[in-house]
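Shown next, in structure tokens, is the structure this report addresses.
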2 protein chains.
Amino acid sequence: MASGEAASTAKAKYQQIADDLASQIRTGVLAPGAAIPSEAELMERYGVASGTVRKAVAELRTTQLIETHHGRGSFVRSRPPVQRKSSDRFRRAHRLAGKAAYLAEAEQSGGKPSVNVLFVGPVDAPEEIAERLNVPVGSKVLARKRRYFRDGTPTEEATSYLPWDVVKDIPETFAENPGGGGIYARLEEHGHRLAEFTETVRARLATKAETAALALSPGSPVIHLVRDAITDAGRVVEVCDTVMAADQFVLDYRFPARD
Amino acid sequence: MASGEAASTAKAKYQQIADDLASQIRTGVLAPGAAIPSEAELMERYGVASGTVRKAVAELRTTQLIETHHGRGSFVRSRPPVQRKSSDRFRRAHRLAGKAAYLAEAEQSGGKPSVNVLFVGPVDAPEEIAERLNVPVGSKVLARKRRYFRDGTPTEEATSYLPWDVVKDIPETFAENPGGGGIYARLEEHGHRLAEFTETVRARLATKAETAALALSPGSPVIHLVRDAITDAGRVVEVCDTVMAADQFVLDYRFPARD
DNA sequence: GAGTGGTCTAGACCACGAA
DNA sequence: TCGTGGTCTAGACCACTCG
């Protein structure tokens with residue numbers, strides 16, 4: 001029953017099938033959003049067993065060409081236009097104009113942006129956050145967790161952490177909507193004038209939780225960005241921890257050729 | 001012969017096996033570099049068929065916990081310390097001190113850095129490069145392609161593109177080793193004083209070619225970074241296109257809270 | 001209920017690596 | 001040569017989705 005010609009051909013059958021389907025996708029024979037043939041159909045068409053077809057389909061899934069839904073089928077992915085995140089997005093001028101950074105950005109990229117505040121309240125500072133805020137690990141800080149969407153699909157999840165002594169006199173920081181210009185505008189109004197930001201960028205595969213939260217397929221990459229907001233006085237008054245679907249974002253930075 | 005209890009338990013068997021092995025790895029029962037039990041061994045130990053074991057092992061591979069070598073076995077991956085890339089790494093002071101950027105960096109992270117020049121010569125400018133250099137698509141530019149290693153393992157592959165009229169009078173730019181301070185030092189000596197850099201950061205899964213070049217496992221994420229070097233005169237005199245193994249790098253940026 | 005993907009079996013043969 | 005992983009078969013039953 002087994003087949004002896006498994007790997008005797010130049011390429012594995014499952015790979016040939018995957019390549020064939022991939023080229024149909026790239027040439028537009030299978031358009032974005034279209035369903036690819038069912039596994040039963042593919043078994044018959046290529047004359048192989050179910051396992052082989054499944055492996056081919058799995059290949060297309062890991063290369064992000066399709067997404068599959070249990071009980072419905074597999075569908076060609078449509079790649080939404082990317083959103084750019086520029087280091088200019090925190091310009092004070094934007095804040096004074098009453099625009100939050102994410103809005104100033106998302107508007108440029110076509111989609112309808114929206115935010116969902118998931119949590120606002122005190123938490124014990126996790127280790128990496130505490131270090132950056134220069135407070136003891138486990139001490140009380142304000143966390144603001146929200147999820148960003150574009151055209152209804154989640155793209156990004158961000159949690160801001162602020163030292164308790166900084167926010168305790170700023171009631172707006174506890175509100176779902178901190179008002180025009182966002183948190184940074186409120187901080188500046190209360191004497192915390194922002195001098196610079198630092199951002200730390202990593203890329204990795206999404207965890208299971210992130211896969212669920214951002215509606216990713218398993219094995220999708222994410223960009224993990226951690227930003228410190230630093231005042232004139234040299235104090236870190238906010239750490240923002242962000243996880244983004246990697247295929248949705250491009251980050252832009254500009255920096256001088258310093259001496 | 002088939003098993004009806006496939007998904008009737010809370011979790012799939014292959015997932016349970018994967019989780020079991022993963023916890024053994026994380027608790028150190030299986031140390032970095034150690035071989036995990038062979039598939040035959042796992043089949044017997046867990047009382048499942050080969051396909052199930054293989055799926056469990058595949059799971060560990062995509063979560064980057066192990067790497068497998070045909071004919072030898074699967075081994076627990078040792079995660080090398082990450083290398084940081086800071087936006088400070090192009091400080092002019094470094095160049096004057098004769099240090100190339102990559103050396104100044106890699107030295108801080110412990111490993112022994114090395115470079116392999118893969119190609120130096122004229123090429124037709126690809127589209128995205130030509131746009132950035134502001135030259136016609138397909139016109140002649142100098143390409144310098146090299147691969148970076150740390151402790152002998154490849155981490156990064158970079159290609160620099162420079163306009164032909166800029167490099168034609170700078171013989172060092174055609175040499176494998178452009179001399180102390182690198183290409184940027186040579187450019188500055190010839191009147192192209194660098195004013196600023198822009199970097200564009202993307203993350204995605206590695207292509208097959210990148211998987212091979214950087215010795216990655218399939219499905220590994222990479223960071224794709226494109227940098228423009230811009231002179232006082234506002235001209236882009238170099239575009240550097242870099243692909244990095246995502247698990248080896250952290251990018252650091254610093255930027256002012258501009259008005 | 002019909003159709004889809006998801007898990008699993010119990011084998012087979014092939015290709016690679018090390019002894 | 002022998003043990004390893006890689007590919008493949010020809011089925012089975014289960015879970016999800018939709019009409």
Side-chain angles (χ1 to χ4, degrees), chain A residues 1-21 30 33-62 65-77 208 211-212 217-219, chain B residues 1-21 33-62 65-77 208 211 217-219:
Chain A
M1 63 176 74
S3 128
E5 334 133 43
S8 60
T9 48
K11 270 192 178 177
K13 278 190 197 172
Y14 80 89
Q15 189 64 59
Q16 291 180 35
I17 297 171
D19 288 349
D20 190 21
L21 290 171
L30 291 168
I36 69 170
S38 75
E39 296 185 352
E41 164 79 22
L42 291 173
M43 284 169 66
E44 193 182 1
R45 182 180 303 182
Y46 292 100
V48 295
S50 67
T52 305
V53 159
R54 286 191 57 72
K55 217 175 170 191
V57 172
E59 186 74 11
L60 296 177
R61 209 166 25 234
T62 67
L65 279 172
I66 62 170
E67 54 189 44
T68 105
H69 301 279
H70 192 170
R72 286 206 290 139
S74 293
F75 303 86
V76 179
R77 290 184 60 156
K208 263 175 205 147
T211 299
S217 354
Chain B
M1 66 173 77
S3 127
E5 333 132 45
S8 60
T9 48
K11 270 189 177 178
K13 276 191 198 171
Y14 81 88
Q15 189 64 59
Q16 290 180 35
I17 296 172
D19 288 348
D20 189 22
L21 290 171
I36 70 169
S38 75
E39 297 185 352
E41 165 79 22
L42 291 173
M43 285 169 65
E44 193 183 1
R45 182 180 303 183
Y46 292 99
V48 296
S50 66
T52 307
V53 160
R54 287 191 58 71
K55 216 174 171 191
V57 172
E59 186 74 10
L60 296 177
R61 208 165 26 232
T62 67
L65 279 173
I66 63 169
E67 54 188 42
T68 105
H69 301 279
H70 193 170
R72 284 207 293 139
S74 292
F75 303 86
V76 179
R77 288 183 61 157
K208 265 178 203 141
T211 299
S217 356

Rounding to an integer number of Å, can you tell me how far B/L42 CG sits from D/dG3 P?
17 Å
Nearest-angstrom distance from the residue atom CZ of A/R61 to P of C/dT4:
16 Å
Would you say A/T52 places a side-chain N or O within less than 4.0 Å of OP1 or OP2 belonging to D/dT7?
no
All N/O donor-acceptor pairs, side-chain side in residues 35-44 of chain A, below 3.5 Å, sequence neighbours left out:
residue	atom	partner	partner atom	Å
A/S38	OG	A/E41	N	3.2
A/E39	OE1	A/R54	NH1	3.4
A/E39	OE2	A/R54	NH1	2.8
A/E41	OE2	A/R45	NH2	3.1

Round to the nearest Å and state the distance from A/K11 atom NZ to C/dC14 atom C1'.
19 Å
To the nearest angstrom, how far is B/L60 atom CG from D/dG5 atom P?
13 Å
Of all the nucleotides listed (C/dT9, D/dC18, C/dG5), which has the minimum atom distance to the side chain of A/E39?
C/dG5
Take atom CD of A/Q16 and atom C1' of D/dG6, then tell me their distance rounded to the nearest Å.
15 Å
Looking only at side-chain atoms of A/A12, point me to the closest of D/dC8, D/dG6, C/dT7.
D/dC8
Return the value, rounded to whole Å, for the distance between atom CD of A/E67 and atom P of D/dC16.
19 Å
More 5' along DNA chain D: B/P37 or B/S50, using each one's nearest nucleotide?
B/P37
Over all heavy atoms of both residues, which pair between A/A18 and A/A56 is shortest? Give the atoms and the distance, please.
CB-O, 3.8 Å
Does some side-chain heavy atom of A/T52 sit less than 4.5 Å from a side-chain heavy atom of A/Y46?
no
Which nucleotide wins on minimum distance to the side chain of B/Y14, given the candidates D/dC8, C/dT7, D/dT9?
C/dT7
Out of D/dT7, D/dG5, C/dG6, whichever nucleotide has its closest atom nearest the side chain of B/S38
D/dG5
A/R54 CZ to D/dC14 C1', in whole Å, measures 12 Å
Using a 4.0 Å heavy-atom cut-off, does A/V57 contact any base of the nucleic acid, only the sugar-phosphate backbone, or nothing at all?
nothing
Would you please say whether a donor-acceptor pair under 3.5 Å links the side chains of A/D20 and A/Q16?
no
State, to 0.1 Å, how close B/K13 and B/V48 come at their nearest heavy-atom pair, and which atoms those are.
CD-CG1, 3.7 Å
Separation of B/H70 atom NE2 from C/dC14 atom P, in whole Å?
13 Å
Among D/dG6, C/dT9, D/dC8, which nucleotide sits nearest the side chain of A/K13?
D/dC8
Which residue lies more 5' along DNA chain D, comparing B/T68 with A/H69 via nearest heavy atoms:
B/T68
Options C/dT9, D/dT9, D/dG5, nucleotide nearest the side-chain atoms of B/A49:
C/dT9
Does a nitrogen or oxygen in the side chain of A/K55 sit under 4.0 Å from OP1 or OP2 of D/dT7?
yes
